[in-house]
Amino acid sequence: MIMDFIDGPFWYFSLIVFFSGIIWNMGSIVFALSKVDLSVSRGSAVSGAIKTIFTRFAADKGMAPHIRLQIIAGYMFHLGLFALLFFAAPHILFLEEHFLGFGWTPMPHWAFIIASEFAFLGLLILWLHRILNPVSRLISTADDHIASILTFVVMLTGCLALLESFTALRLLHRFSVELFLIYFPFSRLMHAFTFIPSRAFTGAWFGRRGISS
Amino acid sequence: MSDRLERGLNTLRAQIDTKVKSYFSSCVHCGICAEACLFYTETQDPRYTPIYKTQPLHKVWQEEYTFWGKIGKKLGLTKSFTEADLANWEELVYDGCSMCGRCSMVCPVGIDVAYIIRKVKEGLAAADYSPEGLVGAAQRAVEIGSPMGIRLKALKAQIKHVEADTGLKIPMDVEGADYMALLSSMEIINFPEYIEALARIFKQAGVSWTLCSEAFEATNSGLQIGNSKIAKLLLERVVAGAEKLKVKNVISPECGHAYAAIRWDGPNWLGKPYNFKVVHILELLDELKKSGHLKTSGKETARLTFHDPCQIVRRGGVEAQPRHLLESVAENFVEMTDHGRMNWCCGGGGGVSANERADELKLKAFNRKKAQLDELNVETIVTACANCRLVMEEGLEENEMDIPIIGLSELLVEYLVEDK
């Protein structure tokens, strides 16, 4: 009964909430009318926007030594998670069977282990930094902690369910993913999408002033 | 809810635009912006974290635009914003932020934090939570025409001195001139050498220019305090002056925020483009140098560095020009470790220097500049903002550092080739 619910209606419900939430959030940002800047531009807003979307993947040279921990942990977590999400064999199989109809070569088991370690360690360091560093402790909200914990649970249950030897573990992972998907559009997790317009807005602003940002 | 709190909240609500929505929904509270802020690095007080200074607007956004915020508000679970909150943030925003925008350059998700803080200022100003010094400056600007209370009579007296020193006539109210120069109050009172530099350079370069008796002040206290109505009013005076004299260009002086106001924000406050062009004095000098109209001879041998005014360089885009000009007249020009668009603020921008309450904090923040200067061991500092210059002079004096500061236009004029 619970199995049917998790694999059936709740799964579809979570997908609907996830996708409609993202479309709603992104649509309200991307399609909203922005005021036209009436000052005479010195450079191109478009190229500034495109450039900044990519340049902010790297930290400023002068800043890097001061934020080394966040950079390293941030990259470990995000790259590890990306690898797990799109290159773990069960995920590729799942996407092929349920959504895409085609698959791609999964990463080998040793790479999966490394990616998992990177993702877990990165997330743990970032979360410890969040609660121990006076700055991030002050500015963090319940949402930040819930998002971190949910992500951790999804990864943990994912590893537990890896061998698919117990249906209960697979269901646990699926259920945690569903909770994650439902929470996603209403939380900071949205930064996975909204970072693009944010960087673009700022890049365009600087770009028309002829400043590289 | 009191009137002022309601006014403040309503103004904050009106500040939320697409960019703000995108920025707030992207922020992951990583705190990286703190490391870019000299008020944080020099005090280690986490409250000075740039994104924390945006809390008043963030709270309004959360309550009005987010799922959990709306539910929390409906169920009475969220703590309402109080006057005490506004009072606390007044200190953070006006004393502990120079609007330098360094934080906006480092945010990994691309948030222009300074853009949001500027909007927070609008809310605080509307609720009458602004420092006395800035309120007074804005009032003087509206009533007298200058934040320092400088009237035309005072300008004319300075002009008289400059004319006596140079033997040159300072043109006033010349209709149809190519350029109308603006001045900041600080230049008129503290650094009239700037007016002298303009007169000598323009005479030599054959530039047709004028001052306008009805619009000589470039400073815009409305921008500093965060009141767009005052900002627009002050700007309209400049526009009216330029249109009355039918000039082709308006020159923004060696003043950071004046450039931001007239060059970038102005047309948006007015809701229409200008029918004249705005150039920064450094842009014009660079053009004159490149075209051969500005000739210099010899070079300064002292080891010197350039302090980049934030609103002219980082947020204004005039980064290469001062370097071209310096290289043409300075033999030993050295850059600070963080320079150009990543330079550290003097600590007194964005109205901080007009806010006496912030004096102690401002001097503490200056330690960042001190550290930059200690690394270089320079004999002279060159800059292009009268406010930066005054703030740094104060900081140097406080730290017993004997380094003279000079404006870039003045340095150029020392090496100007003039007709006998």
Side-chain angles (χ1 to χ4, degrees), chain A residues 21 25 28-30 32-40 42-43 52-53 56-57 59-63 66-67 70-71 74 126 129-130 133-144 147 185-188 190-191 193-203 205-206 209-213, chain B residues 17-19 21-36 40-41 44-49 51-52 55 62 65-68 104-112 115 263-268 270-274 277-278 313-320 337-338 341-342:
Chain A
N25 279 336
S28 68
I29 291 170
V30 176
L33 291 176
S34 297
K35 275 187 185 167
V36 176
D37 194 330
L38 297 167
S39 61
V40 179
R42 187 188 281 128
T52 303
I53 289 175
R56 292 288 170 110
F57 279 117
D60 174 76
K61 253 194 249 163
M63 278 289 291
H66 305 283
I67 52 170
Q70 287 113 302
I71 298 173
L126 288 175
H129 183 268
R130 191 177 286 292
N133 180 276
V135 167
S136 39
R137 192 170 57 227
L138 176 74
I139 60 179
S140 292
T141 60
D143 178 22
D144 298 309
F186 307 107
S187 71
R188 300 277 167 199
M190 267 306 292
H191 79 276
F193 293 92
T194 52
F195 85 91
I196 300 169
S198 291
R199 286 184 186 179
F201 282 133
T202 298
W205 189 92
F206 280 103
R209 293 175 185 221
I211 305 156
S212 160
S213 68
Chain B
D17 58 16
T18 317
K19 275 168 83 169
K21 285 183 207 166
S22 177
Y23 289 157
F24 279 146
S25 57
S26 319
C27 182
V28 288
H29 296 145
C30 64
I32 283 176
C33 53
E35 294 296 339
Y40 169 73
T41 60
Q44 292 295 303
D45 183 344
R47 292 179 317 125
Y48 292 123
T49 302
I51 200 70
Y52 188 65
Q55 273 294 309
Q62 202 166 22
Y65 291 93
T66 68
F67 177 76
W68 300 116
S104 304
M105 307 301 283
V106 303
C107 174
V109 293
I111 300 171
D112 184 354
Y115 174 85
R263 173 64 175 90
W264 298 110
D265 291 329
N268 297 309
L270 292 181
K272 59 174 186 181
Y274 303 138
K277 201 179 148 195
V278 177
V313 179
R314 175 161 41 245
R315 293 183 79 81
V318 185
E319 184 176 1
T337 316
D338 293 310
R341 65 188 193 95
M342 287 307 288

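The figures that follow rest on heavy atoms only: side chains count, while hydrogens, waters and symmetry mates do not. So you know, we letter chains A, B, ... as the sequences are listed, proteins then strands, and number each from 1.
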[X] portion near chain A, given a 4.5 angstrom heavy-atom threshold:
X: Glu319(B); result: neither
X: Thr49(B); result: side chain
X: Val278(B); result: neither
X: Ala34(B); result: side chain
X: Phe24(B); result: backbone
X: Met342(B); result: side chain
X: Trp68(B); result: side chain
X: Asp112(B); result: both
X: Lys272(B); result: backbone

Heavy atoms only, distances under 4.5 angstrom: which of [options] has the most pairs with chain B? Name it, please.
options: Ser140(A), Gly62(A), Gly210(A); answer: Ser140(A)
options: Val36(A), Ile53(A), Thr194(A); answer: Thr194(A)
options: Asn25(A), Val40(A), Asn133(A); answer: Val40(A)

With a 4.5 angstrom heavy-atom cut-off, could you sort out which part of Phe206(A) is near chain B: side chain, backbone, both or neither? side chain

At a heavy-atom separation under 4.5 Å, does Asp144(A) approach chain B through its side chain, its backbone, both, or neither? side chain

Out of Gly266(B), Pro273(B), Ala36(B), return the one with the most heavy atom pairs under 4.5 angstrom to chain A. Ala36(B)

Greatest number of non-hydrogen atom pairs under 4.5 angstrom with chain A, of Val106(B), Asp338(B), Ile51(B), falls to Val106(B)

